[in-house]
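Chain identifiers are assigned alphabetically (A, B, ...) following the order of the sequence lines, protein sequences preceding nucleic acid strands; residue numbering begins at 1 within each chain. Computed over heavy atoms, backbone and side chain alike; hydrogens, waters and symmetry mates excluded.
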There are 2 protein chains.
Amino acid sequence: MKEKELRRSLAVLPIGTVMKLASLSARQIRYYEEQGLIQPERNAGNRRMFSLNDVDRLLEIKDYLADGINMAGIKEIYAQQQQKAAQQAEALAQPLTDIDVRRILHDEFLNIGGLKTKDGPEYPTH
Amino acid sequence: MKEKELRRSLAVLPIGTVMKLASLSARQIRYYEEQGLIQPERNAGNRRMFSLNDVDRLLEIKDYLADGINMAGIKEIYAQQQQKAAQQAEALAQPLTDIDVRRILHDEFLNIGGLKTKDGPEYPTH
DNA sequence: TAAACAATGTGATATTTTCTTACATGAATG
DNA sequence: CATTCATGTAAGAAAATATCACATTGTTTA
């Protein structure tokens with residue numbers, strides 16, 4: 001459902017609303033933004049505008065903090081999530097060609113013998 | 001789905017957001033409220049706060065106006081809709097008892113012969 | 001046709017909300 | 001014990017919104 005995701009990512013909420021929805025102070029919300037955990041948009045007057053997804057993430061952050069995880073930990077969690085998502089996106093965007101598959105299989109066989117060099121093979125692979 | 005309806009009726013949007021979402025001026029939105037077509041909530045500082053349902057209704061109003069229907073007409077439309085909804089709510093709240101059903105059936109049979117009096121039967125129906 | 005009405009624009013002024021920046025603070029941590 | 005982390009708080013500026021009044025432009029109506 002693409003339209004739903006679009007609606008959830010629409011930046012339509014001012015910080016006052018988000019404070020109530022997430023039960024967080026403005027200071028906390030701005031601090032989490034400063035730490036890169038959320039990226040609310042800005043309107044023409046420089047006011048932060050949040051989406052429902054932002055609210056969800058803030059609630060998540062709150063849970064993590066309640067569980068004793070600190071900013072660094074939460075950052076790492078989101079960094080890994082993003083990395084995984086990026087990999088999946090890449091896989092979807094550029095499915096392997098036959099040539100890729102053949103080269104990968106070739107390299108796998110080479111690696112079996114523990115012969116792999118740090119900079120990659122010094123010989124032509126095909 | 002009860003939760004969805006709840007979310008759509010949450011008053012979380014300031015008028016500036018609603019102006020963009022519905023492509024209406026603040027003057028228009030306030031005027032439609034003055035006419036009783038919408039009833040946005042107010043926050044602690046007297047600012048109007050709108051729900052997604054409010055936005056939907058504003059878009060509807062816009063369509064009606066574009067179709068040449070004036071305020072009075074739109075008011076009437078919503079009055080009738082509300083009346084119908086009230087009836088349905090009442091019907092749901094007080095489902096028919098067996099006795100109701102028997103009386104209704106009884107009356108139906110009476111009506112078949114075209115014998116029904118204007119003020120209803122003058123005789124006991126059960 | 002003049003007057004009235006309907007729907008909206010515009011301007012003034014007050015209040016509320018949000019912004020940034022800076023400093024304060026208690027708890028955890030090395 | 002000195003730092004760092006996460007948050008509170010205060011000040012001053014800028015933006016958003018409120019109400020109220022008057023203006024404008026079509027459309028009815030007497």
When rounded to the nearest 0.5 angstrom, what distance separates CD1 in B:I38 from CG in B:L58?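 Answer for the CD1-CG pair, B:I38 versus B:L58, is 4.5 Å.
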Please enumerate all residues that pass side-chain contact (heavy atoms from CB on, under 4.5 Å) together with [X], with sequence neighbours excluded.
X: A:Q28; result: A:L24, A:S25, A:Y32
X: B:E34; result: B:Y31
X: A:T17; result: A:L13, A:P14, A:L21, B:V12, B:M49

For the helix from C:dT1-D:dA30 to C:dG30-D:dC1, how many degrees between its two end axes (five pairs per end), to the nearest 10°?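 The end-segment axes of the helix from C:dT1-D:dA30 to C:dG30-D:dC1 are tilted 20° relative to each other.
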For DNA chain C, the residues among residues 51-63 of chain A that have a non-hydrogen atom under 4.0 Å from it: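 Nucleic-acid contacts, sorted: none.
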Contacting residues from residues 32-47 of chain A, given that a heavy atom lies under 4.0 angstrom of DNA chain C: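 Only A:R42, A:N46, A:R47 qualify.
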Pairs of donor and acceptor atoms involving the side chains of residues 63-74 of chain B, under 3.5 Å and at least two apart or interchain, shall be tabulated with distances.
unit_1, atom_1, unit_2, atom_2, d
B:N70, OD1, B:A72, N, 3.3
B:N70, OD1, B:G73, N, 3.0

Go along nucleotides 25-30 of chain D 5' to 3' and tag each nucleotide: B for a protein heavy atom under 4.0 Å from its base, S when only backbone or sugar atoms are that close, - otherwise. ------
Counterpart residues, side chain to side chain donor-acceptor pair (under 3.5 Å), relative to A:R30 (two or more places apart):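 Residues passing side chain to side chain donor-acceptor pair (under 3.5 Å) with A:R30: none at all.
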Whether B:R48 contacts D:dT17 is assessed here as follows: a side-chain N or O lying under 4.0 Å from the phosphate OP1 or OP2. Is that the case?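 B:R48 to D:dT17 OP1/OP2: no side-chain N or O under 4.0 Å.
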Identify, between B:L65 and A:F50, the residue whose nearest nucleotide on DNA chain C lies closer to the 5' end.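 The residue whose closest nucleotide sits nearer the 5' end is B:L65.
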Would you tabulate the side-chain donor-acceptor contacts of residues 76-85 of chain A under 3.5 Å, counting partners in other chains and residues two or more places apart, or write 'none'?
unit_1, atom_1, unit_2, atom_2, d
A:E76, OE2, A:Q80, NE2, 2.9
A:Y78, OH, A:E60, OE1, 2.5

Near DNA chain D, under 4.0 Å by heavy atom, which residues of residues 9-16 of chain A?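 Correct list: empty, so none.
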Report, one pair per line, the protein and nucleotides 3-6 of chain C atoms (nitrogen or oxygen only) whose separation is under 3.5 Å.
none

Send over the distance from B:I29 CD1 to C:dA7 P, rounded to a whole Å.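 Going from B:I29 (CD1) to C:dA7 (P), I get 16 Å.
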